[in-house]
Amino acid sequence: SDEEGLLTRVGRRMAEFPLDPTQSKVLLASVDLGCAEELLTIVAMLSVETLFYRPKDKAAEADQKKSKFYQAEGDHLTLLCV
């Protein structure tokens, strides 16, 4: 918001998304940065409870399969590789 407590232009655009403010802002910024498709994928993946199923009786196998997507740069890039 601005000095008067009103939404800024960016704030009004962010409010159009059914997302939390952080995700809305990063999606808007991603357009200018040329990575909107990647950010849409990551935000979509973050909207579900869990992506990786890990049954107790097959935990080692599940961990091994999940490791194929691992990215040292972080969890968000791991989601992008799924």
Side-chain angles (χ1 to χ4, degrees):
S1 62
D2 63 13
E3 306 82 38
E4 297 175 13
L6 301 173
L7 285 177
T8 62
R9 183 181 62 78
V10 173
R12 285 191 299 277
R13 290 183 66 204
M14 289 169 55
E16 294 177 10
F17 290 92
L19 302 168
D20 69 62
T22 305
Q23 291 177 340
S24 297
K25 191 164 188 174
V26 77
L27 280 176
L28 290 172
S30 71
V31 174
D32 294 332
L33 297 172
C35 57
E37 185 174 333
E38 293 84 354
L39 261 293
L40 282 169
T41 299
I42 292 169
V43 168
M45 296 267 204
L46 292 173
S47 71
V48 295
E49 188 173 322
T50 182
L51 186 64
F52 297 103
Y53 179 62
R54 192 175 185 260
K56 289 184 181 183
D57 61 329
K58 295 185 179 181
E61 182 181 351
D63 291 343
Q64 186 268 331
K65 291 189 185 282
K66 180 182 174 184
S67 72
K68 293 179 181 178
F69 301 107
Y70 174 76
Q71 296 294 306
E73 297 83 3
D75 293 341
H76 292 99
L77 291 181
T78 295
L79 292 176
L80 189 57
C81 291
V82 173

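Everything numeric here is computed off the predicted structure, so don't read it as measured data.
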### Task
Tell me, please, which residues at least two apart from R13 pass salt bridge (charged side-chain N to carboxylate O under 4.0 Å, His left out).
none

### Message
Once side-chain hydrogen bond (donor to acceptor under 3.5 Å, both in side chains) is applied, do any residues pair with D20, and if so which ones, sequence neighbours excluded?
### Response
none

### Query
Mind checking what makes side chain to side chain contact (heavy atoms under 4.5 Å, CB included) contact with E61, not counting sequence neighbours?
K58, K65

## Note on the structure
In terms of heavy-atom contacts, S47 and A44 come closest through OG-O, 2.6 Å

### Message
List the residues meeting side chain to side chain contact (heavy atoms under 4.5 Å, CB included) with E73, not counting sequence neighbours, and say none if there are none.
### Response
Q71, L77

## Note on the structure
Members sharing V10's hydrophobic cluster, built from side-chain contacts under 4.5 Å between Ile, Leu, Val, Met, Phe, Trp and Tyr, are M14, F17, L19, V26, L27, L28, L39, L40, V43

### Query
If you measure from CG on D75 to CE on M45, what distance do you get to the nearest 0.5 Å?
12.5 Å

### Shortest non-hydrogen contact between A62 and P55, atoms and distance
CB-CD, 4.5 Å

### Task
Count the heavy atoms belonging to other residues, nucleotides or ligands that lie under 6.0 Å from CG of D63, then report whether that count exceeds 12.
yes

### Summary
Taken in chain and number order and not counting sequence neighbours, the residues that satisfy side chain to side chain contact (heavy atoms under 4.5 Å, CB included) with L46 are Q23, I42, H76, L79

